[in-house]
Amino acid sequence: MTEWWKKSTVYQIYPRSFMDSDGDGIGDIQGIISKLDYLAELGVDVLWLSPVYDSPNDDNGYDIRDYQKIMSEFGTMDDFDQMLQGIHARGMRLVMDLVVNHTSDEHVWFTERPDYYIWKNEPNNWRSFFSGSTWQFDEARQQYYLHLFSKKQPDLNWENEELRDEIYQMMRWWLDKGVDGFRMDVINMISKDQDFPDGIEGDGTPHFFNGPRVHEFLQEMNAKALADYDIVTVGEMPGATTEDAKLYTGSERNELNMIFTFEHMNLDEGPSGKWELQPLHLPDLKENLEKWQVELFGKGWNSLYWNNHDQPRIVSRFGNDGPYRKESAKMLATCLHFLQGTPYIYQGEELGMTNVAFSSIDEYRDIETLNMYQEKRAQGIPHEELLESIHAKGRDNARTPMQWDASENAGFTKGEPWISVNPNYPDINAADREEEDSVFNYYRKLIALRKDLDVITEGEFNLLHRADEEIFAYTRKTADEQLTVYCNFSETPREVPLPKGRLLIGNYPDSALQETIGLRPYEALCFYDKDRKVKE
Ligand code: NOJ
């Protein structure tokens with residue numbers, strides 16, 4: 001089978017916030033169908049759909065009640081089939097979100113097959129990602145069940161072979177329907193240390209991140225559910241190192257095609273975790289991305305991402321969402337899209353959408369944010385301090401509705417949106433995409449370049465100007481092609497030497513190139529040199 005996913009760009013849709021077709025304020029499948037031409041225009045190859053399965057929505061669909069039914073707010077299975085057909089008709093592919101570390105507590109298994117879950121007479125000290133203990137007492141059973149996320153998301157017991165077979169069967173059912181792969185939610189947490197030891201200060205992660213049987217389970221899944229299909233798989237893996245990644249993605253190992261690392265997303269936080277804000281030190285980011293580029297070269301495959309439904313908007317995070325919003329959005333895109341790996345674009349990133357700063361906690365919807373707020377308020381932490389963290393890091397930054405145009409509610413819904421629209425929608429929306437300098441157009445060019453130039457997929461990575469705190473620069477080289485990328489992550493104008501080759505793409509309309517390059521605020525330039533051997 002060809003590795004088509006190496007030249008693909010993936011676009012993530014968070015259905016609840018993408019497009020509402022029926023005015024109930026919640027995005028839906030017919031809404032997605034109405035925007036397929038938009039996605040084809042952007043040129044993306046693969047759509048990754050966050051969960052659309054039947055769910056009580058404790059965690060917006062990441063708590064699944066029925067894996068083979070569509071959430072009624074999103075539509076029906078007929079709508080789904082129509083969408084899949086529309087995606088394929090436009091030459092794109094569809095990747096489904098596979099959430100099998102846990103289900104909803106409303107899944108029929110939870111009452112009918114308790115042996116599919118993890119029960120203990122005594123809880124250990126592990127703390128949930130969504131605050132509080134990971135153990136919930138069940139009155140009927142007089143035992144505690146494990147939930148790494150909310151108490152309505154009980155963890156599945158992967159030690160149970162019958163459960164595993166049911167999951168593989170369900171996966172085949174979707175693949176037989178024609179879907180083109182899976183993004184696997186926290187898939188490196190499915191194997192728990194069966195001793196369930198206490199963690200240091202309640203941190204259980206060493207006992208379930210990349211746990212004892214995880215590779216065995218993934219190889220089994222590959223053999224029983226994946227190997228017969230021409231698909232793509234990507235595993236979401238907090239806490240996976242490059243060493244782990246080589247095992248998960250090495251082509252000889254028959255596990256997954258690629259994983260999502262979290263390392264570069266954790267560089268702007270303090271020791272207590274994501275809510276402890278810390279400015280990014282650019283050399284840390286360069287060093288980290290370099291490590292993934294170099295260590296996986298020829299040994300695995302990277303996913304490249306700045307954004308998803310769990311992360312704040314990158315232009316507000318590592319860029320500038322004020323006067324240099326467009327420039328920095330394009331600069332960040334340049335920096336990422338010329339790396340080796342498969343790039344992921346999260347809805348609205350192609351418009352340079354920004355974080356939102358709601359002033360009242362009542363406007364927030366995300367369970368992680370709300371639980372954290374409640375817990376920390378009870379500990380006496382001031383509202384303002386918590387709000388500052390939420391503004392910077394809360395997941396709802398990514399979940400405000402997609403900004404289609406300047407009409408009411410950004411053209412997302414004719415009703416009352418389930419979460420408020422970012423008030424900047426009159427200025428930032430998809431209606432300007434025809435303009436030559438739109439962020440959308442820039443992404444479109446990057447996506448097209450990846451298909452044309454093999455050096456983007458294959459070239460070896462070399463970091464330049466390692467210690468520089470403002471410039472991220474690197475080369476990519478094959479035997480006969482070279483790319484040189486310069487990105488200014490600051491407002492300070494800088495001079496750098498002019499590299500070989502012609503200017504392939506830049507994020508300012510006129511780039512001043514002489515003996516040196518004057519890099520303006522957030523300027524990004526990529527140079528391309530062919531037949532390098534002959535010239536050298
Ligand atoms: C990771 C998902 O991306 C996130 O949105 C979700 O809350 C957790 N896994 C639990 O499913």
Side-chain angles (χ1 to χ4, degrees), residues 10-18 27 48-67 71 95-107 110 117-118 126-132 134 136 145-156 158 167 182-190 192 204-205 208-210 214 233-240 256 258-262 265-266 273-275 303 305-313 344-347 349 364-372 390 393-400 418-419:
V10 184
Y11 185 96
Q12 182 191 354
I13 295 177
Y14 193 68
R16 205 173 186 77
S17 306
F18 192 63
W48 150 27
L49 202 56
S50 275
V52 291
Y53 315 96
D54 177 43
S55 163
N57 282 307
D58 195 50
D59 185 19
N60 288 353
Y62 282 90
D63 47 321
I64 297 172
R65 183 163 48 198
D66 186 337
Y67 289 102
M71 190 189 301
V95 160
M96 299 294 279
D97 217 308
L98 182 82
V99 188
V100 290
N101 174 69
H102 46 269
T103 66
S104 162
D105 64 340
E106 297 182 29
H107 194 293
F110 196 58
Y117 297 84
I118 299 169
W126 295 357
R127 287 183 46 77
S128 156
F129 293 112
F130 291 168
S131 303
T134 53
Q136 176 69 20
Y145 64 84
L146 179 74
H147 61 90
L148 298 183
F149 295 90
S150 99
K151 56 177 186 264
K152 286 186 66 61
Q153 292 169 297
D155 278 56
L156 286 165
W158 273 72
I167 291 173
F182 294 109
R183 172 270 184 189
M184 304 186 185
D185 193 75
V186 292
I187 200 71
N188 66 331
M189 303 191 198
I190 56 177
K192 279 88 177 169
T205 60
F208 56 78
F209 277 1
N210 313 302
V214 68
T233 52
V234 50
E236 187 206 23
M237 300 207 178
L256 302 174
M258 56 189 132
I259 71 162
F260 289 128
T261 163
F262 279 64
M265 293 279 97
N266 298 340
K274 73 182 253 183
W275 305 109
S303 319
Y305 78 96
W306 290 136
N307 270 116
N308 59 43
H309 64 291
D310 295 330
Q311 298 293 340
R313 295 281 178 181
Y344 288 71
I345 300 171
Y346 177 68
Q347 65 185 44
E349 185 179 344
Y364 285 92
R365 299 285 175 267
D366 173 29
I367 183 167
E368 181 195 40
T369 294
L370 297 175
N371 285 1
M372 179 282 287
I390 294 169
K393 289 291 183 65
R395 304 196 299 181
D396 282 337
N397 281 310
R399 300 176 182 187
T400 60
W418 70 276
I419 185 170

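Values below: every heavy atom of this structure, side chains too, minus hydrogens, waters and symmetry copies. Fair warning: this is a prediction, and the values are worked out from it, not measured in the lab. Start at 1 and go down the list; that is how both ligands and their atoms are numbered.
- Atoms of ligand 1 found under 4.0 Å from any heavy atom of Arg395 (numbered from 1 in listed order, with element): 4 (C), 5 (O), 6 (C), 7 (O).
- Within the listing of ligand 1, atoms 1 (C), 3 (O), 9 (N) sit less than 4.0 angstrom from a heavy atom of Glu236.
- Residue contact annotation: Phe130 has a non-hydrogen atom under 4.0 Å from ligand 1.
- Listed by atom number, the atoms of ligand 1 under 4.0 Å from His102 heavy atoms are 10 (C), 11 (O).
- Asp310 OD2, 2.5 Å is the protein heavy atom nearest to atom 3 (O) of ligand 1.
- Note that Arg16 lies in the cation-pi zone of Trp418, set by a 6.0 Å cut-off to the ring centre and a 45° limit from the axis.
- Counting only N and O atoms by type, the side chains of Thr103 and Tyr67 include no donor and acceptor under 3.5 Å apart.
- Ser150 and Asp59 form no side-chain donor-acceptor contact under 3.5 Å, judged by distance and modelled atom types alone.
- With no hydrogens or angles considered, no side-chain donor-acceptor pair links Ser55 and Tyr62 at under 3.5 Å.
- Remark: minimum distance from atom 8 (C) of ligand 1 to any protein heavy atom is reached at Phe149 CE2, 3.7 Å.
- Ion pairing of Asp366 with Arg395 is present here, as a side-chain N (NZ or NE/NH1/NH2) and a carboxylate O approach within less than 4.0 Å.
- Scanning the protein heavy atoms around atom 2 (C) of ligand 1, the nearest turns out to be Asp185 OD1, 3.0 Å.
- Protein heavy atom closest to atom 6 (C) of ligand 1, with residue, atom name and distance, is Asp59 OD2, 3.3 Å.
- Contact annotation for Glu368 and ligand 1: no heavy atom of the residue comes within less than 4.0 Å of the ligand.
- Not a single heavy atom of Met189 lies less than 4.0 angstrom from ligand 1.
- Between Tyr346 and His309, the angle of the ring planes lies from 30° to 60°, which puts this pair in the tilted group.
- Inspection of the Tyr145 and Asp105 side chains reveals no N or O donor paired with an N or O acceptor under 3.5 Å.
- Contacts of Tyr14 with ligand 1, taken as heavy-atom pairs under 4.0 Å, are absent altogether.
- The backbone N or O of Phe130 lies less than 3.5 Å from a partner atom in the side chain of Asn371, making a donor-acceptor pair.
- Only the side chain of Arg399 comes within contact range of ligand 1, with a heavy atom under 4.0 Å; no backbone atom does.
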